[in-house]
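Predicted model, so just to flag it, every value in this text is computed and none were measured.
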Amino acid sequence: MPLSNSSCRLRAVEPQDIDRIYLWENDPSVWPAGDRPVPVSRHSVEMFVLEGGDVVSTGRLRLMIETVEGRCIGAVDLFEFDALNRRAGVGILIYNPADRRRGYASSALRLLCDYCRTSLGMHQLWCTVAAHNEASEALFRSCGFECAGRRRDWFAGHEGWGDALFMQKIL
């Protein structure tokens, strides 16, 4: 099954992505969306890319998001892959603000959901979204995710504590 549609494609991480991923992982402006607010070494990124591995053995999978013109604009991740219960967490990043709100994230997320259902035989995907992040919540809702709960004071930020929405999609 091709991992592409009319607006984007998903592809495996390649060695030429190392510097790009290094930049993204070390940008403090994207740290609040993740769970690791610390810089990473280029060597760590290089090992992640070169060692790769499959989602079942490593519990994670990163796919790069490209426009139909071949410009790499972000990544989508599966993490905490649970083969027994056929579920995983999902995260997505469209790095450049100029590329956001143009439909790339929803296209990529739909491709990922189809891939997880048809190729990986997964039953569900889940994500954690900051309650104040209306754009992210709208993205996941538009792709069929539903709010399954609210976690109080889940995120620590510069302006205090923030709630998180636990969202999931049954595939």
Side-chain angles (χ1 to χ4, degrees), residues 1-14 17 20-21 24-25 30-36 48-49 51-151 154-155 163-171:
M1 168 182 118
L3 294 176
S4 63
N5 57 29
S6 61
S7 65
C8 71
R9 78 179 188 116
L10 303 180
R11 65 163 175 81
V13 178
E14 299 287 351
D17 296 315
R20 177 180 294 115
I21 294 170
W24 295 348
E25 294 286 345
V30 300
W31 289 349
D35 63 352
R36 189 174 28 92
F48 168 79
V49 171
E51 290 178 0
D54 66 272
V55 68
V56 176
S57 64
T58 64
R60 68 178 191 272
L61 173 68
R62 174 167 288 177
L63 296 170
M64 305 304 282
I65 303 169
E66 288 186 339
T67 65
V68 292
E69 298 82 21
R71 189 168 53 89
C72 187
I73 60 169
V76 63
D77 291 335
L78 289 178
F79 56 90
E80 294 183 28
F81 179 81
D82 181 338
L84 177 64
N85 295 297
R86 298 182 301 167
R87 66 177 172 238
V90 62
I92 190 163
L93 170 71
I94 303 295
Y95 184 70
N96 187 334
D99 290 321
R100 296 178 189 155
R101 299 183 188 266
R102 298 186 62 197
Y104 295 125
S106 60
S107 290
L109 189 53
R110 284 186 176 90
L111 285 170
L112 181 71
C113 289
D114 289 344
Y115 171 72
C116 287
R117 183 183 64 254
T118 60
S119 297
L120 298 178
M122 295 179 68
H123 175 66
Q124 70 175 282
L125 294 174
W126 60 269
C127 65
T128 301
V129 176
H132 69 273
N133 190 338
E134 295 172 1
S136 187
E137 179 184 357
L139 163 67
F140 282 98
R141 284 192 188 278
S142 76
C143 293
F145 284 72
E146 297 177 354
C147 185
R150 186 179 193 100
R151 296 172 171 160
W154 197 254
F155 294 114
D163 292 357
L165 304 177
F166 178 76
M167 301 181 76
Q168 64 187 137
K169 177 178 179 164
I170 305 300
L171 300 171

Expected output: side-chain [X] to main-chain [Y] donor-acceptor under 3.5 Å:
X      : Y      : value
Ser107 : Tyr104 : no
Asn96  : Ala98  : yes
Arg100 : Ile94  : yes

How about [X] and [Y]: do any of their side-chain heavy atoms sit closer than 4.5 Å?
X      : Y      : answer
Arg71  : Asp99  : yes
Phe48  : Arg60  : yes
Tyr115 : Leu61  : yes
Leu93  : Trp24  : yes
Phe145 : Val129 : no
Arg87  : Glu80  : no

Measuring from [X]:[atom1] to [Y]:[atom2], what's the distance to the nearest 0.5 Å?
X      : Y      : atom1 : atom2 : result
Asp17  : Met64  : CG    : CE    : 4.0 Å
Trp126 : Ile170 : CH2   : CD1   : 13.5 Å
Ile92  : Asp77  : CD1   : CG    : 9.5 Å
Arg117 : Met122 : CZ    : CE    : 12.0 Å
Cys147 : Glu137 : SG    : CD    : 6.5 Å
Leu109 : Leu125 : CG    : CG    : 8.0 Å

Checklist entry - More than 12 non-hydrogen atoms from neighbouring residues, nucleotides or ligands closer than 6.0 Å to CD on Glu14, yes or no? => result yes

Checklist entry - Counting only heavy atoms not in Arg151, do more than 12 sit closer than 6.0 Å to its CZ atom? => result yes

Checklist entry - When you look at Leu78 and Leu120, which way does the side-chain contact (heavy atoms from CB on, under 4.5 Å) test go after all the steps? => result CA-CA 12 Å; Leu78 289 178; Leu120 298 178; 4.0 Å; yes

Item to check | Nearest atoms (heavy-atom pairs only) where Ser106 meets Cys143 | outcome: O-SG, 3.7 Å

